[in-house]
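Okay, so here's the structure we're looking at.
Quantities reported herein were computed from a predicted structural model and do not represent experimental measurements.
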Amino acid sequence: MMRSAALVVAVVLAVAVAAAEAGELKVGYYDKSCRGVENVVKWHVIKAIKADRKVGAALVRLIFHDCFVRGCDASVLLDGPDSEKTAPINIGLAAFEVLDEIKEAVEDRCPGVVSCSDILIYAARDAASAMSNGHVYFDAPAGRLDGMVSRAADAQADLPDSTFTIEELIQNFKRKNFTIEEMVILSGAHAIGVGHCSSFRARLTAPQEQILPAYRGLLAGKCGAGPDPIVVNNIRDEDPKAIAASVPSFLPKLRKIEFLDNSYYHNNLARIVTFNSDWQLLTEKESRGHVHEYAENGTLWDEDFSDSLLKLSKLPLPKGSKGEIRKKCRYVNHY
């Protein structure tokens, strides 16, 4: 009996490895095996964003921080003392509880069928759509397996750091087969979300050619309020009182709710972005041209951001990796 069980496990793992290497993704992958799963994910995502709009930005951030490290395998969701989510570069990752809730609902509906990695892609896609009033959207192919490895060192090595120069950024994205244009497109996600002051300390002393002095003063004031406070990525989401005291001319541009649009590019050209990696896009001819392009054409950015998210969602597991359908997204299964 034990030999039989061991054989089953060996066969399951062998199939998982083969599937992980094949990387065959398909739109409507769960139409027969878990009908309506995308609607389940969307319902929970919309509910979470209505309760706290910050969840939307957190989910959009997760697709990048997962897929850029070992492919789209939900390895960023795994708990552990040295897992990816503990890496310094992953500071501030959030919305894990939302994905736990979605996974539980999907498991109740279709036990052992839908991977956490597919749930993450669906959730990030739906969050991007909700945060952009439907302007950002793509049909998400599925069929991914969940990875069984999650290392903080991999995240540190693979993800672009906020302190990178333009040359480092270009090389980092090139390793994942992304062009300079796609790098600029994906950077537009910084129109929403928050950042920790530890991620942009050097900007507080950057020269005025790199950052608007009034905005630099605003950031310095915010970052002086504690050991490592968080600051909104987009000045348009700032507190009106803070803007009135530091950049009063920007008051008419403040918005009532956080919104995923091309405002990041306008902010960049005005030298009012938080991260050094954002400003660096203006220091190279091609990337600077794309910043101007997307500042001038928000509809084009919506379309190209959708396409770039789709490409991002197809990054595969490393060759030879084992995959599975996790029962819980925070832990690998125990056979």
* Asked: Are D82 and R151 ion-paired here, with the side-chain N under 4.0 Å from a carboxylate O?
  -> no
* Asked: Any donor-acceptor pair under 3.5 Å linking the side chain of R203 with the backbone of V273?
  -> yes
* **Check: I89 main-chain N/O paired with Q156 side-chain donor or acceptor under 3.5 Å** => yes
* More than 12 non-hydrogen atoms from neighbouring residues, nucleotides or ligands closer than 6.0 Å to CD1 on I230, yes or no? -> no
* Does E101 CD have over 12 foreign heavy atoms under 6.0 Å away? -> yes
* Asked: Is F96 close to R330 at the side-chain level, that is, under 4.5 Å between some pair of heavy atoms?
  -> yes
* Asked: Can any side-chain N or O of S162 pair as donor or acceptor with the backbone N or O of S199 at less than 3.5 Å?
  -> yes
* Asked: If you round to the nearest 0.5 Å, how far is CG of L93 from NZ of K85?
  -> 8.5 Å
* Are there more than 12 heavy atoms of other residues, nucleotides or ligands under 6.0 Å from atom NZ of K311? -> yes
* Asked: Hey, quick one: are I46 and V106 part of the same hydrophobic cluster, counting side-chain heavy atoms closer than 4.5 Å, chains of contacts allowed?
  -> no
* To do: Mark yes or no for whether S83, through its side chain, and L78, through its backbone, hold a donor-acceptor pair below 3.5 Å.
  => yes
* Verify, without hydrogens or angle tests, whether K103 (side chain) and R326 (backbone) share a donor-acceptor contact under 3.5 angstrom. => yes
* Whether over 12 other heavy atoms sit under 6.0 Å from N177 CG -> no
* Would you find a donor on one side and an acceptor on the other, under 3.5 Å apart, between the side chain of R109 and the backbone of V37? -> no
* To do: Using the rule that two of Ile, Leu, Val, Met, Phe, Trp, Tyr join whenever any of their side-chain heavy atoms come within less than 4.5 Å, decide whether L59 and V41 are in one cluster.
  => yes
* **Heavy-atom side-chain proximity of V194 to V231 below 4.5 angstrom** => no
* Asked: If we ignore angles and hydrogens, is there a donor and acceptor under 3.5 Å between the side chains of D146 and S117?
  -> yes
* How close do C72 and L312 get, heavy atom to heavy atom, and via which atoms? -> SG-O, 3.2 Å
* Asked: Does E107 use its side chain to pair, donor to acceptor, with the backbone of G112 at less than 3.5 Å?
  -> yes
* To do: Could you walk me through whether V332 and E324 pass side chain to side chain contact (heavy atoms under 4.5 Å, CB included), step by step?
  => CA-CA 8 Å; V332 298; E324 62 180 5; 3.4 Å; yes
* Student check: side-chain heavy atoms of V27 and P141 closer than 4.5 Å -> yes
* Does any N or O in the side chain of N268 come within less than 3.5 Å of the main-chain N or O of D278, such that one atom is a donor and the other an acceptor? -> yes
* Are L260 and L310 connected in the hydrophobic side-chain network, where two residues link if heavy atoms are under 4.5 Å apart? -> yes
* Structure fact -> L281 and S287 have their tightest heavy-atom pair at O-OG, 2.6 Å
* Asked: D228 and I91: which non-hydrogen atoms are nearest, and at how many Å?
  -> OD2-CD1, 3.5 Å
* To do: Please work out whether the ring planes of F68 and F178 are parallel, tilted or perpendicular, with thresholds of 30° and 60°.
  => tilted
* To do: Please answer: with hydrophobic residues joined when any side-chain heavy atoms are less than 4.5 Å apart, are V40 and V113 in the same cluster?
  => yes
* Side-chain touch W301/I185, heavy atoms, less than 4.5 angstrom -> yes
* How are the rings of Y265 and Y294 set to each other: parallel, tilted or perpendicular (split at 30° and 60°)? -> tilted
* **Rounded distance (nearest 0.5 Å) linking atom NZ of K42 with atom OH of Y122** => 13.5 Å
* Between OG of S115 and CG of L120, what distance do you get to the nearest 0.5 Å? -> 9.5 Å
* Ion pair R70/E84, N-O distance below 4.0 Å -> no
* Asked: Are side-chain N/O atoms of R125 and Y137 paired as donor and acceptor at under 3.5 Å?
  -> yes
* To do: Find out whether I272 and L218 are in side-chain contact, i.e. whether some heavy atom of one side chain is under 4.5 Å from a heavy atom of the other.
  => no
* Asked: Is the shortest heavy-atom distance from the side chain of K285 to the side chain of R288 under 4.5 Å?
  -> yes
* To do: Heavy atoms only: give me the nearest R216-Q208 pair and the separation to one decimal.
  => NH1-N, 3.9 Å
* Starting at CG of N233, measure out to CD of E238 and round the result to the nearest 0.5 Å. => 10.5 Å
* Mind checking whether T179 and F173 have side chains closer than 4.5 Å, heavy atoms only? -> no
* Does any non-hydrogen side-chain atom of R144 lie less than 4.5 Å from one of L25? -> yes
* hydrophobic_cluster_shared for I63 and Y29, side chain cutoff 4.5 Å -> yes
* Asked: Going by an N to O cut-off under 4.0 Å, is there a salt bridge joining D261 and R236?
  -> no
* To do: Verify, without hydrogens or angle tests, whether R61 (side chain) and G193 (backbone) share a donor-acceptor contact under 3.5 angstrom.
  => no
* Distance, nearest 0.5 Å, that separates NZ of K174 from CD of Q171 -> 5.5 Å
* Asked: How long is the span from the NZ atom in K253 to the OG atom in S263, to the nearest 0.5 Å?
  -> 11.0 Å
* Structure fact -> Closest non-hydrogen contact found for A270 with L212 is O-CB, 4.1 Å
* Distance-only, no hydrogens or angles: does the N333 side chain make a donor-acceptor pair with backbone N or O of I325 under 3.5 Å? -> yes
* Determine, stepwise, if the pair S321 / V149 fulfils side chain to side chain contact (heavy atoms under 4.5 Å, CB included). => CA-CA 9 Å; S321 298; V149 175; over 6 Å; no
* Closest approach of A152 and A87, non-hydrogen atoms and distance? -> O-CB, 3.6 Å
